[in-house]
Structures are given as C-alpha cells and as structure tokens.
Amino acid sequence: MLRKLLSKRFWPKAIVAFLIFFQFVGLFLLFLYLSDWSGLSPEWSGIAIIIVYGIGVVFAFYCFNSESSIAYKLSWVFVVLAFPGAGSFLYLIFGNKQNSRRKARLVKRFVTPYQRDSLSPEEWDAIKKEHPYAYPLASYLHRVKGIVPYQKSSVEYFPLGDAVFEPILAELRKARHFIFIEFFIIESDGVFFSSILEILKQKAQAGLDIRIVYDDVGCLTTLPSSFAKDMALLNIKAKPFNEFRPFLDVRQNNRDHRKMIIIDGHTAFTGGFNLADEYINRKPRFGHWKDNGILVRGKAVEGYTNSFLATYESLDPSKPGEFDKAKYASSAYIEEIGGYPKTEGYVEPYDDTPLDGETVGERVYLSLLQRANDYVYMATPYLLIDEEMENSLCAAAKSGVDVRLLTPHIPDKKAVFNLTRSYYRRLLQAGVRIYEYTPGFVHEKMFIADDKMATVGTINLDYRSLFLHFENGTFLFGSPAIKNMKRDYLDTLSLSKEVDRATYERWYQKNKYYWALLRIAAPFL
C-alpha cells in the first residue's frame with residue numbers, strides 16, 4: 001500500500017481527484033450559504049424544491065430523448081431523478097455528449113475532407129460481385145466516413161505486442177521522409193518508447209518530418225507535463241489531444257484512444273497495443289498481457305495517414321490547409337519499397353468520433369454479427385454492452401452461428417471485471433461460448449467472421465469506446481491475414497478456460513446484488 005502511495009502514477013491522479021472534489025465541495029458550500037442567506041419562508045422553500053425537481057424532470061426528459069443507447073440513457077435518468085439538482089448538474093457536465101459547436105465544426109472542416117476518397121462504379125461493382133457478404137459494410141463506411149476499401153495492400157498479423165516491438169523499430173529505421181505517431185498511452189521511461197525515441201532523434205536530426213499526437217489524460221501519469229516542449233527541442237512536433245484541465249467539463253469525456261504509427265505513407269502499424277512496457281510484457285502487471293497488432297503496407301496506408309492529418313490539423317485550426325494530401329499519399333514514396341504489394345482481398349481503415357452522430361465502431365461489430373453464417377470469434381478486455389449489442393450476440397448464437405467471446409481472467413480494473421462477468425448470464429443462456437484467458441489479461445479488440453471478414457483495432461466492447469472516445473480500426477475482407485488471426489484466436493482459446501453455466505451460476509448467486517448495482521453505473525465506467 002505504501003509503495004502504491006509513493007509511486008509516480010498515484011500522485012497525479014490523486015491531485016486531479018482532489019481538485020475535482022474541491023470544486024464539488026465549493027459548489028455545495030455555496031448552495032448552503034445561499035440557502036441560509038436567502039431566509040426563505042417554508043412556502044418559498046417548497047416552491048424552490050419543486051423548481052429543483054422540475055429541472056430534474058426536464059433534464060431526465062432531455063436525456064431520455066437523446067440519441068444515446070437506452071442503457072446509457074436510463075442510467076443517467078436514474079442519477080438525475082435520484083439526486084435532484086446535483087444529478088442534473090452531473091449530467092450536464094459528464095453525461096451530455098453534445099460537444100461544443102466549435103469542435104463539431106472542426107470535424108466537418110478537417111476530418112471529413114481529409115478522409116474522403118473514392119472508387120469508380122466499376123470497382124464498387126467488382127466488390128459487390130466478388131464479396132457480397134462484405135459489400136454492405138464497406139459501402140456503409142464509405143457513405144458515413146468517406147473512406148474506401150483498398151487493394152494493392154498487404155497485411156501482416158502479430159499475435160502479441162511482444163512480436164510487434166522489433167518490426168516497429170526495424171521499419172522506423174528505414175524511414176526517409178516522415179513519421180506520424182498517434183497513441184492513447186505513451187510511457188516516456190519505458191523500454192518500448194525509449195527505443196522508439198532514440199530512432200526518432202536520429203531521424204529528426206536527418207531532417208525528417210516527425211509528428212506525435214498523444215492523449216493528455218491517457219498520458220497523465222506516463223509523460224512529463226513538459227513532453228511537447230521537450231520534443232520541440234529535438235525538432236519533433238508533439239501535440240496533446242484535448243488537453244486535460246482539472247475542471248468540471250464535458251469535453252474531458254472524449255479521449256483519443258487511437259493507436260497508429262505511419263511511415264513514409266506506405267507503411268503503418270496499428271492494433272490494441274500502446275507504447276508502454278506492459279503491452280510488450282516487459283513490465284508484468286496483470287499476468288501475461290495478450291495483445292495484437294498489424295503491419296499494413298501499400299495503398300491502404302492512406303486511410304491511416306489521412307486520419308492522422310485530420311486529427312493533427314484540428315488540434316491547431318489557426319493553420320488551416322497545412323497539409324497537402326498528395327504529398328503524403330502512398331504513391332509518393334512507394335517505389336522505395338519496390339512498388340505496391342500484389343495481394344488478394346481488401347483493407348479498409350476506419351475511425352470513429354463521438355462528434356458526428358455515427359456509432360461507427362458498434363455498427364462494424366453489429367454488421368459482422370448479423371452477416372455471419374458459420375462463426376464469429378471475438379476478443380475484448382471489457383464487456384459493457386448496450387441492449388442492441390447484447391440482443392445481436394444472442395440472436396446470432398440462437399441462429400446456429402458459433403459465437404465465441406474471449407475476455408481476461410486476471411482483471412486490470414476489478415469493478416469493470418465484475419461488470420464484464422455480469423453480462424455473461426444471458427449470453428450463456430443463448431449459446432454464446434465464453435472463455436477467460438487464464439494466463440493473464442486480454443487487451444486485443446478483434447472480431448473474425450466465417451474466414452472472410454475481420455476487424456482489428458482499438459475499439460473495446462464498452463460504452464467509452466463505442467460512444468465517447470475517438471477510435472480506429474481496420475476492416476479486412478478476403479485477406480489472407482484473416483486465417484492467421486483465426487489461428488491465433490484458437491491457439492489463445494487453448495490457453496483459456498471456458499465458462500460453463502454451472503460455474504457461472506455460482507458466481508451469480510454470490511455477486512448478483514453487487515453486479516446489479518454495478519450495472520447501473522456501467523455507462524459511466
């Protein structure tokens with residue numbers, strides 16, 4: 001306990017928590033002061049109470065008619081009505097997902113133009129004819145995000161963060177023109193990022209354009225507050241995403257959970273891993289850390305590049321039009337690696353933002369569930385799902401599809417781990433097979449369907465990933481990499497323990513009241 005209190009990870013969180021708590025106390029004392037100072041008669045006090053409750057009803061009505069998932073809405077309605085006045089205030093600050101108009105305009109101004117690409121009608125017809133099972137989802141992603149499925153691309157799958165470490169270093173050493181890095185967590189004093197930084201320093205001295213985007217909350221305890229300035233001294237441009245200030249602000253809910261490394265426009269890494277040592281099992285925290293990643297080469301890298309450019313420019317809207325997409329296109333330097341790969345299948349990078357009204361990550365997962373005929377294999381570290389996702393999982397299993405779910409056996413957050421288990425019951429009853437990875441913690445986020453379609457990326461099956469965070473993923477169809485993903489998944493199941501209904505019922509009887517309380521708070525975790 002003492003070691004935890006003295007750790008460098010603890011104190012930044014403790015200070016932030018104190019500052020937020022201090023604001024709540026200040027507001028409460030102000031309320032008491034005004035109540036005492038007002039000297040209201042009992043009649044007027046009754047009217048004031050009615051007004052407070054009336055405001056709560058209005059907020060509850062507004063919340064219930066929002067476009068959020070039903071579970072998210074009902075949880076907030078409970079908070080608003082159970083805690084009159086305070087509940088309305090909490091919803092306004094933390095629950096209301098309507099960000100400022102300014103941020104929405106930034107998305108429309110930067111993200112959409114950078115991401116939009118096109119295919120010819122003939123190319124779309126070829127996809128529809130050769131891959132009819134994937135065409136609706138590929139078309140959906142194009143219609144709502146402007147992105148397209150790419151050919152002339154190869155995908156290499158890595159079953160562990162450990163396995164992706166050395167390839168990242170090798171590809172960074174080959175960089176000649178630019179390196180873009182975007183991550184939720186970067187650990188400055190870890191082996192993973194320290195090794196990368198040594199290469200970045202050399203490349204910056206050689207004149208390469210190096211840019212880093214990091215989430216300010218995700219890196220709260222892993223990067224010094226001076227990180228951006230320190231990087232500037234090395235000629236590396238680093239920007240924090242959504243800078244954290246310990247004030248009550250709805251914008252703090254929206255974090256950049258993406259993970260990407262882009263090299264010269266023709267090579268990219270992405271997946272579930274962050275740039276910290278537990279992700280490559282150099283610093284054991286929760287047993288063996290099971291993560292994954294992919295290396296993409298060729299035309300599809302433009303999808304990741306455009307996403308990064310849009311995010312980077314939106315962080316500094318005072319300099320519009322800083323980037324020329326053609327300068328960073330895959331074709332600019334593709335001959336330096338021998339031209340475009342010749343492979344079968346399609347690669348469609350996509351991202352998700354809470355500001356455009358589209359729950360893209362959830363739509364991708366639901367589409368794979370609803371279009372599978374034989375099987376759907378899924379891995380997620382957290383299972384905090386809404387009714388639509390739960391119904392789709394159950395419906396797929398009841399329809400005869402082999403639905404399997406892989407989750408951790410050793411938790412990183414005990415409350416979330418218990419919440420994950422609380423969702424097992426109905427899924428097991430419907431025929432979903434659930435496995436827990438007994439060696440440790442599963443952090444990969446992956447869906448595989450029928451040997452034909454798959455997605456891998458950063459999107460957890462929880463409310464934050466699906467509705468609040470900025471995320472990214474890669475939709476694959478007809479790609480040879482899907483078989484490697486399936487092989488790794490089945491190998492991982494052989495190291496895991498299947499949860500049978502008898503075992504689960506024992507857990508349920510022991511924890512059902514605790515789980516019931518946790519389910520109310522699920523959308524907030």
Side-chain angles (χ1 to χ4, degrees), residues 66-73 97 104 107-108 111-112 115-117 119 124 127-128 131-150 254 257-258 270 272 300 303-304 306-307 310 346-373 376-380 382-397 399 401 403 405 423 445-450 452-477 482 523:
S66 68
E67 295 182 355
S68 303
S69 70
I70 188 65
Y72 189 85
K73 292 190 289 189
K97 295 192 293 182
V107 170
K108 186 175 181 180
V111 177
T112 303
Q115 288 184 330
R116 190 158 295 281
D117 208 336
L119 294 178
W124 280 113
I127 293 173
K128 190 173 185 178
H131 305 279
Y133 51 87
Y135 173 80
L137 178 52
S139 180
Y140 163 80
L141 291 172
H142 176 63
R143 288 175 181 272
V144 302
K145 304 295 289 186
I147 58 179
V148 298
Y150 295 95
N254 304 132
H257 197 240
R258 297 171 182 167
T270 187
Y304 308 107
N306 294 340
S307 177
Y346 289 82
V347 183
E348 190 166 14
Y350 62 92
D351 58 32
D352 197 1
T353 166
L355 306 180
D356 61 2
E358 289 285 345
T359 55
V360 172
E362 186 178 44
R363 288 299 113 195
V364 171
Y365 288 164
L366 290 172
S367 182
L368 293 177
L369 279 168
Q370 293 160 0
R371 297 189 176 280
N373 291 313
V376 178
Y377 296 159
M378 304 164 289
T380 181
Y382 315 117
L383 186 70
L384 285 68
I385 51 179
D386 62 7
E387 188 174 12
E388 184 176 13
M389 181 64 71
E390 189 174 30
N391 286 340
S392 293
L393 286 164
C394 293
S399 300
V401 177
V403 182
L405 176 66
Y423 284 92
K445 311 93 168 49
M446 180 169 67
F447 273 52
I448 313 166
D450 294 351
K452 298 177 180 178
M453 299 179 288
T455 182
V456 60
T458 70
I459 307 169
N460 300 317
L461 278 171
D462 64 12
Y463 288 91
R464 291 202 163 274
S465 272
L466 296 175
F467 304 117
L468 294 176
H469 287 170
F470 293 77
E471 306 277 359
N472 76 281
T474 305
F475 175 44
L476 306 173
F477 57 97
I482 296 174

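As a basis for the values below, the full set of heavy atoms in this structure was taken, side chains included, without hydrogen atoms, waters or symmetry mates.
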What distance separates [X] [atom1] from [Y] [atom2], expressed to the nearest 0.5 Å?
X: S392; Y: L366; atom1: OG; atom2: CG; answer: 4.5 Å
X: L137; Y: Y365; atom1: CG; atom2: OH; answer: 12.0 Å
X: M389; Y: C394; atom1: CE; atom2: SG; answer: 12.0 Å
X: T359; Y: L468; atom1: OG1; atom2: CG; answer: 12.0 Å
X: F447; Y: L405; atom1: CZ; atom2: CG; answer: 8.0 Å
X: D117; Y: I147; atom1: CG; atom2: CD1; answer: 10.0 Å

**Asked** By salt bridge (charged side-chain N to carboxylate O under 4.0 Å, His left out), which residues pair with R371, not counting sequence neighbours?
**Response** none
**Prompt:** Listed by chain and number, what are the salt bridge (charged side-chain N to carboxylate O under 4.0 Å, His left out) partners of E390, not counting sequence neighbours?
**Reply:** R426
**Message:** Determine whether a donor-acceptor pair (N or O, by modelled atom type, separation under 3.5 Å) exists between the side chain of D450 and the backbone of N373.
**Reply:** yes
**Message:** For the backbone of N460 and the side chain of S465, can you confirm whether one donor and one acceptor N or O come within less than 3.5 Å of each other?
**Reply:** yes
Which heavy atom of [X] sits nearest a heavy atom of [Y], and at what distance?
X: Y463; Y: I385; answer: OH-O, 3.2 Å
X: A138; Y: W124; answer: O-CH2, 3.8 Å
X: E362; Y: E388; answer: OE1-OE1, 4.3 Å
X: A449; Y: A372; answer: CB-CB, 4.2 Å

Residue pair [X] / [Y], side-chain heavy-atom distance below 4.5 Å:
X: K145; Y: D351; result: yes
X: M446; Y: T455; result: no
X: I448; Y: V376; result: no
X: Y140; Y: V360; result: yes
X: I127; Y: L119; result: yes
X: M378; Y: V403; result: yes
X: L383; Y: D462; result: no
X: V401; Y: Q370; result: no

**Asked** Between the side chains of S307 and N472, is a donor N or O closer than 3.5 angstrom to an acceptor N or O?
**Response** no
**Asked** Think K452 forms a cation-pi with Y133, using NZ or CZ under 6.0 Å from the six-ring centre and within 45 degrees of its axis?
**Response** yes
**Request:** In sequence, state the C-alpha distance, the side-chain angles, and the governing distance for F475 and L368, and then conclude on side-chain contact (heavy atoms from CB on, under 4.5 Å).
**Result:** CA-CA 10 Å; F475 175 44; L368 293 177; 4.1 Å; yes
**Asked** Is there a side-chain contact (heavy atoms from CB on, under 4.5 Å) between L461 and L384 once you walk through the steps?
**Response** CA-CA 6 Å; L461 278 171; L384 285 68; over 6 Å; no
**Request:** I would like to know whether H257 and F470 meet ring pair (Phe, Tyr, Trp, His ring centres under 6.0 Å); could you show each step before the answer?
**Result:** CA-CA 6 Å; H257 197 240; F470 293 77; over 10 Å; no
**Request:** Evaluate the side-chain contact (heavy atoms from CB on, under 4.5 Å) criterion for residues F477 and Y135: first the C-alpha distance (whole Å), next the side-chain angles of each, then the deciding distance (0.1 Å), finally the verdict.
**Result:** CA-CA 9 Å; F477 57 97; Y135 173 80; over 6 Å; no
**Message:** Between E348 and T474, does the side-chain contact (heavy atoms from CB on, under 4.5 Å) criterion hold? Intermediate values first, please.
**Reply:** CA-CA 6 Å; E348 190 166 14; T474 305; over 6 Å; no
**Asked** Are R464 and E471 ion-paired here, with the side-chain N under 4.0 Å from a carboxylate O?
**Response** no
